[in-house]
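Every chain is numbered from 1, with letters handed out A, B, ... down the list of sequences.
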Amino acid sequence: MRRLAGLLAAASLALAAGHPLAAPYDYRLEPQAVGDGTWVFIGTLELFSRANGGNIVNTGYIETPAGAVVIDSGPSKQYGEQQRALIEKRTGSKVARVYVTHAHPDHFFGDQAYADVPIHALPVTCAGIDANGEALANNLYRLVGDAMSGTQTLTPQPLAASGRVEVGGRTLRLITLAGHTDADLAVLDEKSGTLYAGDLVFAHRTPTTPNADIAKWLAALDQLEAIPFKTLVPGHGPVLKGPAAIRETRDYLRWLDAMLKEAAARGLDLPEIAELPIPARFRDMALLREELSRSAAHLYPKLEVQALKRIKPDPQ
Amino acid sequence: MRHHRHTMLRTIGLWMLAAGLAAPAWAAPPKDPLDSPAWPAMAERYLAGKEVRFDNAVRVLIPDSAEDPLAVPVHVDASALGDVREILVFADLNPITTILRYEPTARVKPAIGFRFKIQQATPLRAAVRTGDDVWHLGGGWIDASGGGCTTASAASGSGLWKDRFGEIDARLWTPAPNQRRLRVQLIHPMDTGLAGGIPAFYLEELDLVDADGTKLAHLQTFEPISENPMLSFDLAGHGKVLLRGRDTQANRFAVTVSP
């Protein structure tokens with residue numbers, strides 16, 4: 001009885017202090033070196049699940065004498081807290097600022113851990129987080145569960161814009177693009193030649209398209225390939241030297257676009273797309289079937305209507 | 001959450017099953033491969049009095065989970081069965097379970113494509129009645145974050161219908177001799193009546209008629225069909241197809257689609 005009373009007391013204390021009762025989720029984050037002073041936390045090549053706590057994403061940081069610059073804060077408050085604690089322990093100083101690359105939930109829901117730090121994002125990204133943050137959080141709670149405990153939307157500020165910025169003597173180049181979403185920010189660390197490409201680039205993992213504009217995305221990939229970088233950190237998948245991941249993403253998007261347009265011109269129904277053959281070169285990409293089905297749902301409705309003709313009503 | 005809900009509904013389902021045992025004699029439905037809590041109620045409502053078989057010959061193409069709860073794509077193909085008289089599509093756990101009833105003639109492939117609004121994770125089933133009065137069932141579970149049926153068309157959808165109500169986009173393909181694929185989109189809000197203050201208003205009937213006046217197929221559509229319904233049909237023969245539709249407010253839609 002006394003033990004039960006003690007537990008109840010602890011529970012009510014926890015509630016009073018606003019702490020979730022769920023056990024903390026340990027993301028076991030371990031940064032990997034990318035270049036001179038640039039780091040990445042590699043996520044799994046999976047869909048959101050309770051087991052992975054939403055850690056399906058790459059985030060990273062750039063060391064500077066004035067503190068680290070964090071690229072994306074991850075899928076949950078707990079992820080952001082663990083990410084920040086690890087970075088500050090390793091660098092020995094407070095994080096200087098955060099850049100959020102785009103308004104997808106696996107990239108910004110750790111922002112709460114940086115409430116006392118400037119969190120920079122593009123204006124359209126901030127507006128998107130403002131408008132859709134709650135719905136995105138609800139869906140992540142459903143898919144990920146306890147690891148999301150305490151996570152709420154925190155709209156980034158201040159606004160980011162394209163151009164060079166200096167943090168602790170280190171020059172970063174901010175590149176404003178679009179295509180994966182309405183606003184996608186890429187960050188180049190000039191000293192190391194590390195390009196944090198956000199979700200404009202996927203490596204060995206099928207790209208996702210819930211808010212994509214394929215034509216803009218392909219144009220963005222051309223711009224990224226023209227940037228002099230050495231190593232690319234994709235939003236999902238392994239870090240690769242050179243433009244291999246850009247080319248892989250471009251190849252897939254071009255095929256996807258052409259395949260869907262041809263299906264619409266032939267009069268296929270949406271579920272029939274999943275039955276079409278997939279070129280062998282894409283078969284090793286993680287989550288191919290799942291993402292292809294989702295992409296068809298996102299992109300086909302517009303294409304199939306374009307393939308129809310307006311019919312004048314018959315006289316009645 | 002989902003587990004708890006299932007447990008609760010399963011209890012209700014068991015109660016319904018118990019009630020069913022005392023009801024007039026008809027063969028108990030076979031065990032549901034989808035293990036749906038609402039299966040006994042669905043079987044009694046839609047299939048009572050006839051033999052029921054779960055049958056792989058009924059192909060139902062659905063996504064594992066609803067990417068857009070307002071428009072879940074479904075394609076049903078029962079052409080592996082002969083002599084199909086009726087295809088009835090329903091979703092066990094939707095607030096309105098009946099989605100469509102399609103009656104193809106022998107000149108039409110027993111297959112149909114459409115989109116529907118999903119409210120929560122549910123089995124989606126196609127029950128196909130053959131000439132020997134047997135129901136053949138296919139389908140599967142679709143996971144969903146929900147909200148499809150109680151979301152107002154004006155708040156969530158394209159709003160296209162305000163300017164373009166009743167307009168029809170369509171096209172007739174001839175993929176092979178004596179084969180026609182017809183795709184049709186009607187601009188219509190398809191309001192379910194479940195969104196606050198917005199009464200039910202939806203397409204109810206659609207007839208497909210051949211150029212010579214022969215009836216090809218009759219389709220009844222219900223509230224869960226998505227806004228601006230996009231329908232796919234496969235027909236034998238060649239040449240034009242006439243479409244004759246009517247909604248719940250007696251608006252009539254009539255077009256002729258040429259190849």
Side-chain angles (χ1 to χ4, degrees), chain A residues 47-50 105 132 134-146 148 208-212 260 262-276 287 289-316, chain B residues 1-2 59-68 71-77 111-115 121 143-147 158 160 164 166-175 180-187 226 228 230-234 241-245 252-258:
Chain A
L47 299 173
F48 290 116
S49 73
R50 278 161 200 270
N132 306 318
E134 202 183 325
L136 292 169
N138 287 342
N139 202 34
L140 264 200
Y141 272 95
R142 186 177 74 87
L143 296 168
V144 168
D146 285 352
M148 284 290 288
T208 66
T209 57
N211 309 103
L260 293 176
E262 199 207 321
R266 283 172 52 201
L268 294 193
D269 193 13
L270 206 166
E272 293 172 323
I273 290 166
E275 314 241 291
L276 296 175
L287 303 174
R289 287 274 168 200
E290 293 89 337
E291 292 300 352
L292 200 48
S293 164
R294 294 183 68 211
S295 288
H298 304 144
L299 303 169
Y300 199 61
K302 193 173 162 193
L303 297 173
E304 66 185 346
V305 170
Q306 286 170 357
L308 303 181
K309 298 170 208 158
R310 181 71 38 80
I311 312 287
K312 271 198 308 198
D314 293 340
Q316 291 186 54
Chain B
M1 276 301 285
R2 179 168 150 180
R59 292 192 73 219
V60 182
L61 302 181
I62 45 171
D64 295 334
S65 93
E67 193 61 22
D68 176 0
V72 182
V74 181
H75 198 93
V76 178
D77 185 348
I112 187 163
F114 61 93
R115 316 272 152 86
D143 194 9
S145 59
S158 59
L160 263 184
R164 293 185 42 204
E167 287 184 8
I168 291 177
D169 286 355
R171 191 162 157 191
L172 197 54
W173 285 264
T174 310
R180 289 175 287 178
R181 158 68 54 108
L182 173 66
R183 304 201 76 206
V184 187
Q185 184 178 43
L186 167 71
I187 304 301
S226 297
N228 306 330
M230 168 69 81
L231 303 166
S232 303
F233 304 95
D234 289 300
V241 178
L242 283 63
L243 296 173
R244 299 289 178 258
R252 292 189 180 273
F253 312 99
V255 292
T256 302
V257 189
S258 305

Item to check | Non-neighbouring partners of A:Asp269 that pass salt bridge (charged side-chain N to carboxylate O under 4.0 Å, His left out), sequence neighbours left out | outcome: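 For A:Asp269, the residues satisfying salt bridge (charged side-chain N to carboxylate O under 4.0 Å, His left out) (neighbours in sequence not counted) are B:Arg115, B:Arg183.
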Item to check | A:Asp314 side, atom CG; B:Thr256 side, atom OG1 - distance, nearest 0.5 Å | outcome: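 The OG1 atom of B:Thr256 is 3.0 Å from CG of A:Asp314, to the nearest 0.5 Å.
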Item to check | Spacing of B:Arg181 atom CZ and B:Phe233 atom CZ [to the nearest 0.5 Å] | outcome: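 It comes to 10.5 Å.
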Next on the checklist: Counting heavy-atom pairs closer than 4.5 Å to chain B, which one of A:Ala274, A:Ala296, A:Gly267, A:Ala297 comes out on top?
Outcome noted: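 The answer is A:Gly267.
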Next on the checklist: For chain B, which candidate among A:Asn138, A:Leu268, A:Leu143, A:Ile311 shows the most heavy-atom pairs at distances under 4.5 Å?
Outcome noted: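 Option with the greatest count: A:Ile311.
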Item to check | 4.5 Å side-chain heavy-atom contact, B:Leu243 and B:Leu182 | outcome: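 When only atoms from C-beta onward are counted, B:Leu182 and B:Leu243 do touch, with a gap below 4.5 Å.
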Next on the checklist: Under 4.0 Å between a side-chain nitrogen and a carboxylate oxygen: does that hold for B:Arg164 and B:Asp169?
Outcome noted: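 Between B:Asp169 and B:Arg164 there is a salt bridge, with a charged N closer than 4.0 Å to a carboxylate O.
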Where on [X] is there a heavy atom nearer than 4.5 Å to chain B: the side chain, the backbone, both, or neither?
X	answer
A:Ala135	neither
A:Ala307	both
A:Glu290	neither

Next on the checklist: Test salt bridge (Lys or Arg N to Asp or Glu O under 4.0 Å) on A:Arg142 and B:Asp143; report intermediate values, then the result.
Outcome noted: CA-CA 11 Å; A:Arg142 186 177 74 87; B:Asp143 194 9; 3.6 Å; yes
Greatest number of heavy atom pairs closer than 4.5 Å to chain A - which of [options]:
options	result
B:Pro63, B:Ala66, B:Pro73	B:Pro73
B:Arg171, B:Arg252, B:Glu167, B:Gln185	B:Arg171
B:Pro175, B:Ala170, B:Ser232	B:Ala170

Item to check | Portion of B:Val72 that has a non-hydrogen atom of chain A nearer than 4.5 angstrom | outcome: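 Neither part, no heavy atoms under 4.5 Å.
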Checklist entry - Under 3.5 Å, side chain of B:His75 to main-chain N/O of A:Pro271, donor-acceptor pair present? => result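 No; zero donor-acceptor contacts below 3.5 Å.
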